[in-house]
Novice: 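Just dropping this structure here.
In this text, all values refer to a predicted model and were calculated from it rather than measured experimentally.
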Protein chains: 2
Amino acid sequence: MHVRDRRVKRTQNLLAQALLALIAEKGYDAITIRDITERADIGYATFFRHYRDKDELLRDVADVVINELLEILFGQQPGQEPAAVGQLIFRYVADHSAVVRVLLGSRGPASLVQHVIQRGSENVLRQNKPRPDSPVPAEIAAHHLVASSIALIQWWIEHDMPYSPEHMGEIYRQLIVQPTLTSAFIIDPA
Amino acid sequence: MHVRDRRVKRTQNLLAQALLALIAEKGYDAITIRDITERADIGYATFFRHYRDKDELLRDVADVVINELLEILFGQQPGQEPAAVGQLIFRYVADHSAVVRVLLGSRGPASLVQHVIQRGSENVLRQNKPRPDSPVPAEIAAHHLVASSIALIQWWIEHDMPYSPEHMGEIYRQLIVQPTLTSAFIIDPA
DNA sequence: CCCTTATGATATACAATATATCATATTATA
DNA sequence: TATAATATGATATATTGTATATCATAAGGG
C-alpha cells in the first residue's frame, strides 16, 4: 500500500480548505482559481497539476462529506426507527453545518445536489422493498424521499436552524418518511 | 401607456430565443455572451445595452414562464381537487417541456429553482390556513410542498416523461399533497 | 418629415484560464 | 545518509471571454 507523497497531500488539503472557506465567503461561482491558490498559499500553476478545474476540486472535497452522510443514513440496519434516523440526519447537519451549508446551500453548484440525490436514491432502492400494487413507482418514491430530505435540510440551514434536531426529525418523519414508506414500500418491522 | 420601441422588443425577443435554444444545446454555464449574440444575429455590444450579464437575461426569460405556471397553480379557487391540480401541473409541463426542461433542468442555474420555490411557497402560505396544533410549521410545509413538486417534475422530465400526466397527478397527490395538507394545513372542502 | 434613439461594427482594456519552462526544495527509498 | 525522483514556485505567454467606448447608419416615433 503506497502512501502518497506528503507534498501532494499537503497541497490538496490546503486547496480543499481554501475552497471551503472561499465558498462560505462569496459563493462558489465568484471564486477564481487564483483566489484559491492565493488563499492556500500555493503557486497558481500548481493547481492544475492536481485538478483540471474548480469543479474537479469541489467534487473531491464533496465526496468526503457525501460519503460520511450516506454512511450515517444507510450504514445502519434497515427498518430502524424512522424518527431516530431523522434526528441523526439533523444532528449531523448541525455538527457540520459550516461544510453542509457550503455543499448543499444555494452558494454551491446545483450539480452537487443532483449527485447527492442520485447516490441517495440508489441506497434507498437497495434497502427497501417496493410494494408491488402501489401506483407510486419505487424509483419515484426513492427520488422523492431523498430530494425532499435535502430540501428540508436546505430550508433548515438557510433559516439558521430555528428548530431542534429532534423537532426536525419529527417533521421529517411526518412530512416525508411516513408518507413515502406507506405509499410505495413495504414496511418491515424489526 | 407607452409601447416600447419595436427595435428593443425585437432585440430582446431574439436574445431570449437564442438563450433558450443554447441552454438546450449545451447547458447554461457553457454559453458565452458571444454565443447568444451570434445566434440571435445581434451585435455583441448590443447585448449589454439591454442586460448587465447572462443571468439578467435569464431572469427576464424565466419570469414569463414562472408567472404562467404560478397562475395555473394558484390562480384558481382554493380547495380545488388536489388530484386535478396535479394533472394540470403535469399537463402544463408536458405542453411546455422544452422550456421547462431548460429552466428547471440540471442544465439551468440553481438560483432559478430557488426563486421558483420562494415564490411558490409564498402563494401556498397565502392560500392555505395553517393548523395551529401541528408540529409541522406552515412555513416548512409550504416549502416542502413546492420544493418536492419541483423535484418530482424534474425527475419526470429527466426521465423523458415515462408516465402520463394523469398518473403523475395521482403520484403527486399521494406522495406530496395529501401528506402535506393533512399534517400542516386545514383542509377546507368546497 | 424630422428628430430621437437603437443598432452594427470596431477598437480596446481587462480579467481569468490553461500551459510551458526551469531552478529549487522536498521526499522516498535503497 | 546519499541519491534519484518529483513536487513546487516563479515566471512568461497564448487564449478566451467580459465590458465599455466611439461613430456612422438605420429604424422608429410623434
Novice: Could you tell me whether the side chain of B/I150 reaches within less than 4.5 Å of the side chain of B/Q154, counting heavy atoms only?
Specialist: yes

Novice: Within the structure shown, what part of the strands sits under 4.0 Å from B/R10 by heavy-atom distance: base, sugar-phosphate, or nothing?
Specialist: nothing

Novice: Between C/dA18, C/dA9, C/dT7, which nucleotide has the shortest distance from any of its atoms to the side chain of B/H50?
Specialist: C/dT7

Novice: For the residue pair A/H96 and A/Y92, categorise the inter-ring angle as parallel (less than 30°), tilted (30 to 60°) or perpendicular (more than 60°).
Specialist: parallel

Novice: Could A/R119 and A/E122 be called an ion pair, given the rule that one side-chain N must be under 4.0 Å from one carboxylate O?
Specialist: no

Novice: Using the side-chain heavy atoms of B/A45, tell me which of these nucleotides is nearest: C/dT7, D/dA21, D/dG9.
Specialist: D/dA21

Novice: Can you tell me how far P of C/dA16 sits from CG of B/D29, to the nearest Å?
Specialist: 17 Å

Novice: Start with the C-alpha distance between B/Q12 and B/V8, add both sets of side-chain angles, then the distance that settles side-chain contact (heavy atoms from CB on, under 4.5 Å), and finish with yes or no.
Specialist: CA-CA 6 Å; B/Q12 295 188 353; B/V8 174; 3.6 Å; yes

Novice: Nearest-Å distance, OH (A/Y28) to C1' (C/dA16)?
Specialist: 14 Å

Novice: Using a distance-only criterion (donor-acceptor N/O pair, under 3.5 Å, no hydrogens), is the base of C/dT17 paired with the side chain of A/R34?
Specialist: no

Novice: Would you kindly give the CD-to-C1' distance between A/E38 and C/dA15, to the nearest whole Å?
Specialist: 13 Å

Novice: Between C1' on C/dA16 and CD1 on B/I33, what's the gap in Å once rounded to a whole number?
Specialist: 15 Å

Novice: Quick one: label A/D35 by what it contacts on the DNA or RNA (base, sugar-phosphate, nothing), any heavy atom closer than 4.0 Å.
Specialist: nothing

Novice: Rounded to the nearest Å, what distance is computed from the CD atom of residue B/E56 to the P atom of nucleotide D/dT18?
Specialist: 15 Å

Novice: Only one of B/V64, B/V65, B/I23, B/V93 forms a side-chain contact (heavy atoms from CB on, under 4.5 Å) with B/V99, so which one is it?
Specialist: B/V65

Novice: Side chain of A/Y44 only, heavy atoms from C-beta on: which candidate in C/dT27, C/dT17, D/dT20 is closest?
Specialist: C/dT17

Novice: So, is A/T46 close to the D/dG9 phosphate, meaning a side-chain N or O under 4.0 Å from OP1 or OP2?
Specialist: yes

Novice: Whole-Å distance between C/dT7 C1' and B/L14 CG?
Specialist: 12 Å

Novice: Kindly point out which of D/dA7, C/dT19, D/dT18 is positioned nearest to the side chain of A/F48?
Specialist: C/dT19

Novice: For B/F47 and C/dA6, what is the distance between atoms CZ and P respectively, to the nearest whole Å?
Specialist: 17 Å

Novice: Distances for protein N/O vs nucleotides 13-16 of chain D N/O pairs under 3.5 angstrom?
Specialist:
none

Novice: Once you measure the plane-to-plane angle for A/W155 and A/Y163, does it fall in the parallel (<30°), tilted (30-60°) or perpendicular (>60°) bin?
Specialist: parallel

Novice: Nearest to the side chain of B/R6, heavy atoms from C-beta on, is which of D/dT18, D/dG28, C/dT19?
Specialist: D/dG28

Novice: Ion pair present between A/D160 and A/R101, side-chain N to carboxylate O less than 4.0 angstrom?
Specialist: yes

Novice: Choose from C/dT7, D/dA7, C/dA28 the nucleotide whose nearest atom is closest to any side-chain atom of B/R7.
Specialist: C/dT7

Novice: Check the distance between C/dC22's C1' and A/R49's CZ and give it to me in whole angstrom.
Specialist: 11 Å

Novice: Would B/D41 and B/L14 count as a side-chain contact (heavy atoms from CB on, under 4.5 Å) here? Give the steps.
Specialist: CA-CA 8 Å; B/D41 199 23; B/L14 288 171; over 6 Å; no

